[in-house]
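Below is one structure; the comments refer to it alone.
Excluded from the calculations below are hydrogen atoms, water molecules and symmetry mates; all remaining heavy atoms, backbone and side chain alike, are included.
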Number of protein chains: 2
Amino acid sequence: MLDKAGLILDCFAPERESYRLSELCERTGLPKPTAHRLAADLVRLGWLERTGHRYRLGAKLFELGARVPRRRDLREAALPFLQDLFEATRETVHLGVREGLDVVYVERVHGHDALRLPSRIGGSLPLSCTGVGKALLAFSGPELADEVLAHPLRSLTPRSITDPALLRTALEKAQVAGLAYEEEEAAPGVSCIAAPVFARGTVVAALSVAVPRERFSAARLAPAVRTAALGLSRVLRGGPGG
Amino acid sequence: MLDKAGLILDCFAPERESYRLSELCERTGLPKPTAHRLAADLVRLGWLERTGHRYRLGAKLFELGARVPRRRDLREAALPFLQDLFEATRETVHLGVREGLDVVYVERVHGHDALRLPSRIGGSLPLSCTGVGKALLAFSGPELADEVLAHPLRSLTPRSITDPALLRTALEKAQVAGLAYEEEEAAPGVSCIAAPVFARGTVVAALSVAVPRERFSAARLAPAVRTAALGLSRVLRGGPGG
DNA sequence: AAGTTCGTTCCGTGACACGGAACAACGCCG
DNA sequence: CGGCGTTGTTCCGTGTCACGGAACGAACTT
């Protein structure tokens, strides 16, 4: 019963924002009356909202989600550095953590000219095709890289790396440079530079700057992203992590 | 059963970040075996996390909460203006919406010198003792003000307004000025100036700048916060709201 | 060693979740 | 206008699984 409620909520994963009852049924495999009753219960709890015949995620979930300590503390500690990074570069800035073989974005700061990116707060993307993901991957130890490379590499654009050997060398380069690069592998026309964030000696997050290809300049961005990552790492020295 | 799960998750409302099983029992009124089984189920779903004998909210909830469209869209639209406002003032900036008789904070931007404030993203405070709350209250029509004034006014500090007449005149001043003020009513030593955000003719949010009392200057802050609120209102013209 | 407090497991009972079936409300097409 | 597919809603008998008292074990206190 909790599991079925979870199935329903998990339907809302992508950017589709509202669903009809019949859509929930076919995506969860639940019979109609069951989904109907469950959805009604979820609405009563404020976890779903209903307008007409469409269901969407409810405000109560936002409030609960914002209280998750692991995420909240990291975000709170990181925000000033993300601000610095944004002001220094005036480009779109990301903070992400690893969750299994994906990167989950915890914060995203941008100005009025937001890029069209697949990254969304709370959303996940493959580690192998984002800047933040590569930074996490390069500094998380060889076992993780092996595991990623054991599966076929997913891709988001035609330029996403799908060749294991190429990824392997990209990670090695990142390790020596302390920075990870990504070129139109997550979104066409957008490049990215990322740096790992450490706490107690292990990577706990990574932050990145995403910028239109034509405006990309490693010389300009590298020091800024490196500075921000080091500053955050220093603050986290004894703090969150695992 | 869903309700009981909701009870458990609602325990985590305040800033206490982790609870033991027995604490969950006494706060929910659930018998021990029931809470135990439910907590285990929630852990399995990723909605709770368990370390040793302590439970905390799980990462899955963060991801779900970040997808709530009503909040996400507003935050996304507002972020560039919050950035502008922060850069113009270099003070702590808030974005909040109304939820019943409370304000819920949707975003909060600050630099390295974060103020010690009771406001937290996803957290709620009484409308009557915060800048954002007063702005929402002053421009939401008289029925809402009447309803707030029908209850005894809650307070967060000794200087929180508890006299209905005082609040009434404060709201009237806010209405003519287009700005709401707050002086150490939410946190000692912190003052605040706030402006309403409109979409389709009704208030949908408010944003504010909070600043240490000694640094407060209406002349400096008022134009900045007004500009940001108007800019956001313009972007939202046909967008979210309700 | 005796006493608390807490987490965990067991298990018989009964409430309530379950979902097939039937119904109702639209929208579509001929 | 009438037949048809689709979708949301309600009913209700069946069976399951959530329920929680009781008992157990571990850890800590006095």
Side-chain angles (χ1 to χ4, degrees), chain A residues 1-62 64-65 67-70 240 242, chain B residues 1-61 64-65 67-70 73 240 242:
Chain A
M1 151 113 222
L2 272 184
D3 308 69
K4 296 179 186 174
L7 278 179
I8 290 185
L9 294 179
D10 284 339
C11 284
F12 292 82
E15 51 293 304
R16 273 289 301 277
E17 72 169 35
S18 76
Y19 293 89
R20 326 186 33 158
L21 183 62
S22 55
E23 297 176 294
L24 293 178
C25 289
E26 83 177 315
R27 305 196 60 175
T28 57
L30 294 174
K32 235 186 304 175
T34 302
H36 183 258
R37 175 170 31 83
L38 241 42
D41 289 345
L42 291 171
V43 168
R44 195 169 35 77
L45 286 174
W47 298 3
L48 287 184
E49 288 167 6
R50 178 180 172 166
T51 48
H53 284 188
R54 310 201 70 92
Y55 295 92
R56 50 184 58 199
L57 294 178
K60 191 89 169 225
L61 278 181
F62 170 82
L64 275 175
R67 293 192 184 114
V68 175
R70 276 229 326 267
Chain B
M1 154 111 220
L2 272 184
D3 308 69
K4 296 179 186 175
L7 278 179
I8 290 185
L9 295 179
D10 284 339
C11 283
F12 292 83
E15 50 293 304
R16 275 288 302 279
E17 71 170 36
S18 76
Y19 293 90
R20 326 186 34 157
L21 183 62
S22 56
E23 297 177 293
L24 293 178
C25 289
E26 82 177 316
R27 305 195 79 208
T28 57
L30 294 175
K32 231 184 310 176
T34 303
H36 183 258
R37 176 168 31 82
L38 240 42
D41 288 345
L42 291 171
V43 168
R44 196 169 33 77
L45 286 174
W47 298 4
L48 286 185
E49 287 166 6
R50 177 180 173 166
T51 48
H53 284 187
R54 309 201 69 92
Y55 295 92
R56 50 184 59 202
L57 294 178
K60 191 91 170 222
L61 278 180
L64 274 175
R67 294 192 184 115
V68 175
R70 276 230 322 270
D73 295 346

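Counting non-hydrogen atoms under 4.0 angstrom, A:P33 reaches a base of the nucleic acid. Using a 4.0 Å heavy-atom distance criterion, A:R54 is classed as making no nucleic acid contact. Looking at heavy-atom distances under 4.0 Å, A:R37 makes contact with a base. Using a 4.0 Å heavy-atom cutoff across all strands shown, A:H36 reaches at least one base atom of the nucleic acid.
No salt bridge links A:R56 with A:E49; every basic N to acidic carboxylate O contact stays at or beyond 4.0 Å. Salt-bridge annotation for A:R20 and A:E26: absent, with no side-chain N of the basic residue lying under 4.0 Å from a carboxylate O of the acidic one.
Taking every heavy atom of both residues into account, A:S18 and A:E23 meet most closely at O-OE1, 4.4 Å. A:A5 approaches A:L42 most closely through the heavy-atom pair CB-CD2, 4.3 Å. In terms of heavy-atom proximity, B:L30 sits nearest to B:I8 at CD1-CG1, 4.0 Å.
A:D3 has its CG atom 15 Å from the P atom of C:dA17, to the nearest Å. Atom NZ of A:K32 is separated from atom P of C:dA25 by 15 Å (rounded to the nearest Å). Nucleotide D:dG20 holds its C1' atom 13 Å from the CG atom of B:L21, rounded to whole Å. Per the geometry, CG belonging to B:D41 stands 15 Å off C1' belonging to C:dA17, to the nearest Å. Distance A:I8 CD1 to C:dC18 C1': 13 Å, rounded to the nearest Å. Here the C1' atom of nucleotide D:dG8 and the CG atom of A:L38 are 16 Å apart, to the nearest Å. At whole-Å resolution of the value, CE in B:M1 and P in D:dG20 are 11 Å apart. Rounded to whole angstrom, the span from the NZ atom of A:K4 across to the C1' atom of C:dC16 amounts to 12 Å.
Nearest-nucleotide assignment on DNA chain D puts the 5′-proximal partner with A:Y55, out of B:L30 and A:Y55.
Taking side-chain N and O atoms only, A:R20 has no distance below 4.0 Å to OP1 or OP2 of D:dT9. Put simply, B:S22 has a side-chain N or O that comes within less than 4.0 Å of OP1 or OP2 on C:dG7. In this model, the phosphate group of C:dG19 is approached by a side-chain N or O of A:T34 to a distance below 4.0 Å at OP1 or OP2.
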